[in-house]
Amino acid sequence: MQDKRTAISPGIVIGCGVGAALVWLVILFVLIDLEQATLVVAGASGFFGAMGSGIGALWQTWSARHTTEYLARAEHDASHDALTGLHNRNALFQELEWSYKRAKETDTVLGVLFLDLDRFKVINDSMGHEAGDELLRIVATRLQSAVRGSDIVARFGGDEFVVVCRDLLSEKSVLAVATQILKSFAQPVSLYGGVQVVSTSIGIAIARPDDTRRPKDLVRDADAAMYKAKKERSGYAVFDEVQRMQVIDRLDIERDLVKALDEEQFVVFYQPLIDVPKKRLYGFEALVRWNHPTRGIIGPGDFLPVAEETGMMARIGEMVLREACAQAAVWNHLTADAHGIKMSVNIAEQQLIDANFPYLVSEILAWSGLPAEQLVLEIIEDVIVDHLDGLTILRDIRNLGVNLAIDDFGTGQSSLSYVKQFDMVSALKIDKSFIDEMGDGSTNRAIIEAIVAMAKALDLRVVAEGVENETQVRGLLDFGVDIMQGYLFNKPVRSDAIDPVVWFKPRGNDEGAARPGLTPLEVSRALAVQAAASGPNRPPRKG
Ligand code: C2E
Ligand code: MG
Ligand code: MG
């Protein structure tokens, strides 16, 4: 980079000198005797010449020093993060490239640690961005003091940091660095008068001297391992062979997804929701599957995250919404018993941040002919919390007459404290993880009880998902949860497996078939559950 001051300094010096000499000459000719002028001019030129070179030399020194500082500062700014002073993403990749080459030359191990702060968003949203920034600075300082001087610490973006550990003799040393970092996070942080415990999840990619990946792939792999660490709440996780296969798989999925929509490879399955005390079908949840030409049916967990990252989620979501609304409208047409049935459709974050989404919903309702009150949109808790400022979209949808439900309730960051703000939500779906372990005395029992009490106070309907056995049914009925969804009743099935005459028909109490599509054995088991749930000591239930 060229500093303008170096280019103009001689010009300025000469200009100043000549200008001042001319002024001096004019004064001489006007004011004093011409005979003495030669002497005075000679003296003055000497004086101004000396002064000119002095000023020139001073200017050069000042300019050179400031140019060096200026260049150094510009170089530093281009390679460092303004908030934390750590290396930025560009500098990280440069350093990584260099370190990777060097590790191969020196036969040493290179470790890349990818860190993501846990619950940073909650702190940022609840305490303000200044507190968030301060926290990131504190974390940066902690990281720098937890690693060795030769390691590189970079801010990768947001609340993500990357540490590159160089010149290591064994893989164990990388793990030691991760442990050290986790230890340094154990100390609570004082932040704006409050004390916060901040934790982080670390993903680790280790490159041995014979590694064949590209240096930037190490960051990608460490990032993948970080997700594992976060999911398993294990502090840190090392990228391994299983994950490597998953990455390859993921690349295949990414490639195939592009044509899957055009070739209509996505199929919608429907899982019933049962109103157990009323012994009737309450509704369905539409769940997407990918009918892959060579791999067969792929579940949403294996491709939706890729669709989200590649920006395809909104298109897939629209297709599911359209299909589910059309299907419910067809059932309405086939039997009047289907009219009260609710159709639940999952809505992804990418759909919810689109300001046009309410128009799309309204257009699909008009196109399919499905009454708005039969449609339920399920949104996972974290997505709602992350978009509290986008609640107008939810309100617009609610104003259409469509119902909103919070999905996977209890697993997110918000839970009870946030739910009060969602006055437009009409139902909560308790996550399967709570239903799984609801034996006597378990914490989950207490959580379910609290969720149900809160939901009742806020006039919200509660749905239990993932109900797999009769003990769970009994427990849930005890708590006052009436609507259940789970493999005990039915797995998700294709629409052609649903016979509207059998599934939608309301049944009298004495018929006892609480579920559609049941085998005789299942019917008798269901009856046993019903009998136990409404035994002689229990107050009669409504409905
Ligand atoms: P979800 O919305 O919580 O759906 C319930 C999931 O639990 C479904 O998994 C369902 O098959 C499964 N499930 C229900 N009962 C039981 C049970 O008794 N035992 C067990 N083990 N599982 C049960 P699925 O179909 O694999 O879907 C997983 C998640 O993928 C869904 O969780 C939802 O978050 C997402 N998803 C599925 N379809 C769509 C879609 O069209 N759009 C969006 N945005 N997300 C979708
Ligand atoms: Mg759902
Ligand atoms: Mg769910």
Side-chain angles (χ1 to χ4, degrees), residues 257 260-261 265-274 276 282-291 297-328 342-354 357 360-361 364 375-384 387 403-412 425-438 451 461-473 476 481 483-495 497 515 522:
L257 258 184
L261 253 179
Q265 292 170 6
F266 295 110
V267 216
V268 182
F269 276 48
Y270 299 91
Q271 185 179 29
L273 276 70
I274 310 294
V276 177
Y282 173 79
F284 286 100
E285 176 169 9
L287 295 157
V288 70
R289 269 98 184 91
W290 180 3
N291 192 3
I297 297 282
I298 305 180
D302 291 330
F303 68 90
L304 287 188
V306 185
E308 276 181 36
E309 276 174 41
T310 52
M312 288 185 63
M313 194 58 235
R315 286 180 63 204
I316 299 176
E318 178 183 342
M319 174 253 140
V320 176
L321 183 60
R322 211 170 270 285
E323 186 92 14
C325 289
Q327 183 60 63
K342 299 264 191 274
M343 176 58 81
S344 295
V345 180
N346 294 285
I347 298 302
E349 184 168 18
Q350 268 174 32
Q351 293 170 275
L352 206 64
I353 55 178
D354 178 3
F357 186 61
L360 180 73
V361 175
I364 290 178
L375 179 62
V376 181
L377 299 184
E378 293 188 6
I379 301 160
I380 61 168
E381 196 182 8
D382 279 352
V383 170
I384 298 194
H387 294 282
N403 303 284
L404 296 171
I406 304 183
D407 204 354
D408 301 351
F409 190 77
T411 58
V425 168
S426 54
L428 298 181
K429 293 188 80 173
I430 306 179
D431 191 65
K432 176 175 181 304
S433 55
F434 296 105
I435 312 296
D436 279 349
E437 304 283 333
M438 52 175 292
I451 292 175
R461 193 180 294 280
V462 181
V463 179
E465 54 184 10
V467 179
E468 291 182 341
N469 61 54
E470 288 156 17
T471 319
Q472 291 165 342
V473 174
L476 287 163
V481 178
I483 301 165
M484 303 183 203
Q485 171 185 2
Y487 289 177
L488 176 69
F489 304 101
N490 258 103
K491 286 194 169 177
V493 291
R494 283 176 190 269
S495 60
R515 303 163 280 172
E522 284 172 327

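Quick caveat, the model's predicted, so the values are computed rather than measured. Just follow the structure's listing: the first ligand is 1, and inside any ligand the first atom is 1.
- Looking at atom 6 (C) of ligand 1, its nearest protein heavy atom turns out to be Leu287 CD2, 4.7 Å.
- Distance alone, capped at 3.5 Å, is enough to place a donor-acceptor pair between the Gln350 side chain and the Glu308 backbone.
- Near Glu465, the atoms of ligand 1 lying under 4.0 angstrom from a non-hydrogen atom of the residue are 3 (O).
- Close approach of ligand 1 to Gln271 (heavy-atom distance below 4.0 Å) involves ligand atoms 10 (C), 14 (C), 15 (N).
- Contacts with ligand 1 closer than 4.0 Å are made by side-chain heavy atoms of Val320 only, the backbone lying farther away.
- Looking at Ile406 and Ile380, their side chains never come closer than 4.5 Å, going by heavy atoms from C-beta outward.
- A donor-acceptor pair shorter than 3.5 Å can be found between the side chains of Gln485 and Gln271.
- Leu273 is not listed as a side-chain neighbour of Phe489, based on a closest heavy-atom distance of 4.5 Å or more.
- Without hydrogens or angle criteria, Gln472 side chain to Ile435 main chain gives a donor-acceptor distance under 3.5 Å.
- Between Val463 and Met484, every side-chain heavy-atom pair lies at or beyond the 4.5 Å cut-off.
- Contact annotation: the side chain of Ser495 never approaches that of Val268 to less than 4.5 Å [non-hydrogen atoms, C-beta and beyond].
- The structure places CG of Leu352 at 9.0 Å from CG of Leu377, a figure rounded to the nearest 0.5 Å.
- Atoms of ligand 1 found under 4.0 Å from any heavy atom of Glu285 (numbered from 1 in listed order, with element): 1 (P), 2 (O), 4 (O).
- A 4.5 Å side-chain heavy-atom check between Val462 and Ile430 finds at least one atom pair inside the cut-off.
- At a 4.0 Å heavy-atom cut-off, ligand 1 touches Asp408 through the side chain alone.
- Residue contacts with ligand 1, taken as heavy atom pairs separated by less than 4.0 Å, involve Asp407 solely via side-chain atoms from C-beta onward.
- Taking the six-membered ring where tryptophan is involved, the planes of Trp290 and Phe266 are tilted, since the angle between them lies from 30° to 60°.
- Side-chain N or O atoms of Ser426 include none that pairs as donor or acceptor with a backbone N or O of Asn403 at under 3.5 Å.
- Protein N/O/S atoms nearer than 2.8 Å to the Mg ion (ligand 2) total 4.
- Among all non-hydrogen protein atoms, the one lying nearest atom 36 (N) of ligand 1 is Leu304 CD1, 3.6 Å.
- Ligand 1 has at least one atom lying under 4.0 Å from a heavy atom of Pro492.
- Residue contacts with ligand 1: Val288 is placed with a nitrogen or oxygen under 3.5 Å of a nitrogen or oxygen of the ligand (distance criterion only).
- Within 4.0 Å of atom 30 (O) of ligand 1, at least one protein heavy atom is present.
- In the vicinity of Ala348, heavy-atom distances shorter than 4.0 Å reach the ligand 1 atoms 44 (N).
- For atom 15 (N) of ligand 1, the nearest protein heavy atom is under 4.0 Å away.
- Expressed to the nearest 0.5 Å, how far CD of Glu378 lies from CG of Asp408 amounts to 8.0 Å.
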Please test Glu465 against Lys429 for salt bridge (Lys or Arg N to Asp or Glu O under 4.0 Å), starting from the C-alpha separation and ending with a verdict.
-> CA-CA 7 Å; Glu465 54 184 10; Lys429 293 188 80 173; 3.6 Å; yes

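- Between the side chain of Gln351 and the backbone N or O of Ala348 there is at least one donor-acceptor pair closer than 3.5 Å.
- Heavy-atom contacts of Glu468 reach the following atoms of ligand 1: 17 (C), 18 (O), 19 (N), 20 (C), 21 (N) (cutoff under 4.0 Å).
- Between Asn346, Leu273, Val383, it is Asn346 that holds the heavy atom closest to atom 42 (N) of ligand 1.
- Residue, atom and distance of the protein heavy atom nearest to atom 18 (O) of ligand 1 are Tyr487 N, 2.7 Å.
- You'll find the side chain of Glu285 stays beyond 4.5 Å of the side chain of Val376, heavy atoms only.
- With a 4.0 Å heavy-atom cut-off, ligand 1 is reached by the backbone of Val467 but not by any atom from C-beta on.
- Heavy-atom separations between Gly466 and ligand 1 include at least one value shorter than 4.0 Å.
- The proximity of Pro300 to ligand 1, defined as any non-hydrogen pair under 4.0 Å, is limited to the side chain.
- Atoms of ligand 1 lying under 4.0 Å from any heavy atom of Lys432, numbered from 1 in the order shown and given with element: 17 (C), 19 (N), 20 (C), 21 (N), 22 (N).
- Of all the heavy atoms of Lys491, none lies under 4.0 Å from any atom of ligand 1, so neither backbone nor side chain is involved.
- Contact annotation for Lys429 and ligand 1: no heavy atom of the residue comes within less than 4.0 Å of the ligand.
- At a distance under 4.0 Å, a protein heavy atom can be found next to atom 3 (O) of ligand 1.
- Residues meeting the side-chain hydrogen bond (donor to acceptor under 3.5 Å, both in side chains) test with Arg289, sequence neighbours left out: none.
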